[in-house]
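Reading through the structure tokens given below for one structure.
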Amino acid sequence: MEPVIQNQEIPSIKPKQKAKQGPWGMAWKVFKKDKAAVAGLILLAIMMVAMALAPFLPFADPNEVDLTNRLKPVGTEGHVLGTDHLGRDMLSRIIYGGRVSIIVGIIAVTIALVIGSALGLIAGYFRNFYDTVIMRFMDILMAFPYVLLAIAIIAALGPGLMNTMIAVSIVGIPYYARIVRGSTLSFREMEFVLAERALGAGHLHIIFHHILPNCLPPIIVAVSLDVGWMILAAAGMSFLGLGAQPPLAEWGVMLSEGQEFIRVAPHVSLLPGFAIFLVVLALNLVGDGLRDALDPKSK
Amino acid sequence: MTALLEVKDLEIKFRKDKEMISTVGEISFAVNEGEMLGIVGESGCGKSVTSLAIMGLLPKEMSQIGRNSDILFNGTSLTKLSDADYRRVRGKDISMIFQDPMTSLNPVLTIGYQMKEMILAHEKVSKRECWTRSVEMLKKVGIPRAEQIMDEYPHQLSGGMRQRVMIAIALTLQPKLLIADEPTTALDVTIQAQILDLIKEIQRESNTAVILITHDLGVVAEVCDRVVVMYAGKVVEEAPVKELFVDPKHPYTKGLLGSMPTLINDQNRLNAIPGSVPLPEEMPQGCRFAPRCSQAMPHCYTAEPPLVSLGNSHATSCWLYDKEEQKYG
């Protein structure tokens, strides 16, 4: 009898890949199973790519006025989504408007996230005096209705896209401060913090290298849900005439410009509204998926 | 032999409703270089609090160290160190490992990161050197495939492995003193023995002094050189390990040893010391053990017994062994 397996390649076992899988790898596994979240992610990816590459794609100039082609309906030749009251191409305006809205949303969230998390970490880690001062101030911010607070801040700073961004991010700070403080409070009592101290680590090192990474899951979920909220809030401010100013293509501005023609040409205001709806929906789906994937209780 | 660590009249008070309550009352003991000292006592007797006080890790807003207390390490007083100086001592000169290896490693960071960080907190060395030293240390504590484990997360390791990693981290910088706060309580019995052997072996090899805090007399008998028995925040007896087991003096120590099951006698019931440890705010006036002591004398209820030396580095704080008292009693 000849040895049968002489020339056969023995399949090598690769334990490495499985061993390498950290907490993030496991979260991705759970996330992948959530169909709605994956759909949201794909939708978001398509929109982001289209918006990022808009200048290189064959879209019309979003600000090119063509008064002979005003308020053309959806499906017109040369203007797939029609034109607005100045004959500007709707598709192009929505895509360029999305760039502004999404960037505003992301930057506003980033500002709120950085300041809010820092405050939350300090309050939760050092407790006592810091906690009281910071969290009572956050309570004051939270006590205002958010639109009122945002309007008040814009009233103080003056209208404009930049100031809207600052206003909505200030409104968002307490949200992050609370989330991060809550997690920090629970992690600071963990034995590994004591162990780190016993091995000579300083407070700042422990805060940023040990507590912050543990707080990331709730922060990521909050961010994904909050970007949508920020986009909505910024568009709302623009709709009220406090944010982006015409002729800039921005969804809130387009919505407010289009409302005058809602009877003769509903698409001019409905389409930007639908765009906002789609983005916020996609972000919320992704956020829900992330929450399930990162929440230790759901496992 | 010189004393590496000297704890002098250490008193620790904790705040409770605006009042300061003394939990550990003026205890003194010393650890010699390269010695393994066991601190034994039941839960809540102040073992862990004492070790945290040595590390300077008691929560400042909640606790206070007595005015006459002093902790000398290599001749320098730790209680007078600034926060920054204390941090330099921790990990480099005195290291500590904790009871539960499941929670004393950060779950979201790799083992390699946590080892590297320990070195970088005290020394300026290249990443490469950090890595080689970490791997070396992991191998030293008996971890197989150390290189791979550097990239793994704590949840991928078993409890015993994690405790080995903790020991490796604590000993990377070759501290002179290691405080092990019940290092084996959370582990399986078979793993317990391995970890104890490991600590003992490393202690012998590198001449590190070890304070082993435990409530398990079996552990003490196995590895320690000297034992301090604590009861309700007081040192009741101090003796070389053999002497303590052969000839215990204090009624509490006798009770503790008597309550251990033996293999020789066929016992149906285990002996127990009647009563329980008094609460810190309800400490009795005289000897803290008097209400539970079978040999208590009237005197025991009124005055605290001093630590009486019985020679042969054996000491106990009990009126039964006080010469003056014996004359009258």
Side-chain angles (χ1 to χ4, degrees), chain A residues 13-29 124-132 183-220 293-297 299, chain B residues 48 51-52 54-57 59-62 83-84 86-110 113-115 117-123 145 148-149 151-157 162 166 169-173 175 178-179 181 186:
Chain A
I13 306 151
K14 288 179 192 159
K16 187 91 180 167
Q17 236 178 357
K18 199 163 183 264
K20 265 246 168 187
Q21 196 179 59
W24 301 114
M26 289 193 295
W28 171 241
K29 246 181 163 175
Y125 187 82
F126 292 110
R127 306 279 308 275
N128 300 327
F129 174 74
Y130 298 95
D131 196 19
T132 312
S183 324
T184 307
L185 280 179
S186 66
F187 287 117
R188 81 189 285 275
E189 303 299 334
M190 302 283 266
E191 208 159 43
F192 66 78
V193 171
L194 191 64
E196 277 301 319
R197 297 261 288 129
L199 298 174
H203 288 303
L204 283 181
H205 181 90
I206 290 174
I207 290 178
F208 288 107
H209 291 251
H210 290 271
I211 294 187
L212 186 59
N214 275 298
C215 292
L216 279 182
I219 292 179
I220 289 171
L294 296 173
D295 184 4
K297 275 179 230 127
K299 272 169 205 158
Chain B
S48 295
S51 64
L52 286 180
I54 297 170
M55 296 301 287
L57 289 176
K60 282 208 182 79
E61 62 273 19
M62 300 273 293
D83 280 359
Y86 221 135
R87 214 169 72 212
R88 257 167 247 137
V89 170
R90 285 184 214 129
K92 197 167 170 60
D93 294 326
I94 310 179
S95 243
M96 185 162 177
I97 51 178
F98 293 87
Q99 181 174 354
D100 193 355
M102 300 292 171
T103 55
S104 41
L105 286 167
N106 192 334
V108 298
L109 300 174
T110 58
Y113 183 90
Q114 302 191 45
M115 295 215 57
E117 180 185 72
M118 167 68 197
I119 301 174
L120 291 178
H122 295 279
E123 285 173 29
R145 53 188 197 94
Q148 274 174 336
I149 276 179
D151 291 327
E152 290 185 5
Y153 290 88
H155 71 94
Q156 289 165 300
L157 306 179
R162 276 186 243 187
M166 279 311 294
I169 293 176
L171 294 176
T172 314
L173 297 175
L178 174 72
I179 301 177
D181 188 355

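Atom set for the values below is all heavy atoms of this structure, side chains included, hydrogens, waters and symmetry mates excluded. The chains referred to below are lettered A, B, ... by the order of the sequence lines, with proteins before strands, and numbering in each begins at 1.
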Measuring from His203(A):NE2 to Asp83(B):CG, what's the distance to the nearest 0.5 Å?
-> 6.5 Å

If you look at every heavy atom in Leu199(A) and Ser95(B), which pair is closest and at what distance?
-> CD2-OG, 3.6 Å

Heavy-atom pair with the smallest gap, counting every atom of Pro213(A) and Val108(B) = CB-CG2, 3.6 Å

Considering non-hydrogen atoms only, spot the tightest contact between Ala198(A) and Arg90(B) and give its length.
-> O-CB, 3.5 Å

For the residue pair Glu191(A) and Thr103(B), what are the closest heavy atoms and their distance?
-> OE1-OG1, 3.1 Å

Heavy atoms only: give me the nearest Phe192(A)-Leu105(B) pair and the separation to one decimal.
-> CB-C, 3.7 Å

Sorted by chain and number, sequence neighbours left out, side chain to side chain contact (heavy atoms under 4.5 Å, CB included) with Ala195(A) holds for Phe98(B), Ser104(B), Met166(B)

Is there side-chain contact between His210(A) and Glu117(B), with at least one heavy-atom pair below 4.5 Å?
-> yes

Across all chains, not counting sequence neighbours, the side chain to side chain donor-acceptor pair (under 3.5 Å) partners of Asn128(A) are none

Per-residue contact mode, Tyr113(B) against chain A (heavy atom under 4.5 angstrom) = side chain

Checking heavy atoms, do the side chain of Ile97(B), its backbone, both or neither come under 4.5 Å from chain A?
-> neither

At a heavy-atom separation under 4.5 Å, does His209(A) approach chain B through its side chain, its backbone, both, or neither?
-> both

Segment of Leu194(A) engaging chain B (4.5 angstrom heavy-atom cut-off) | both

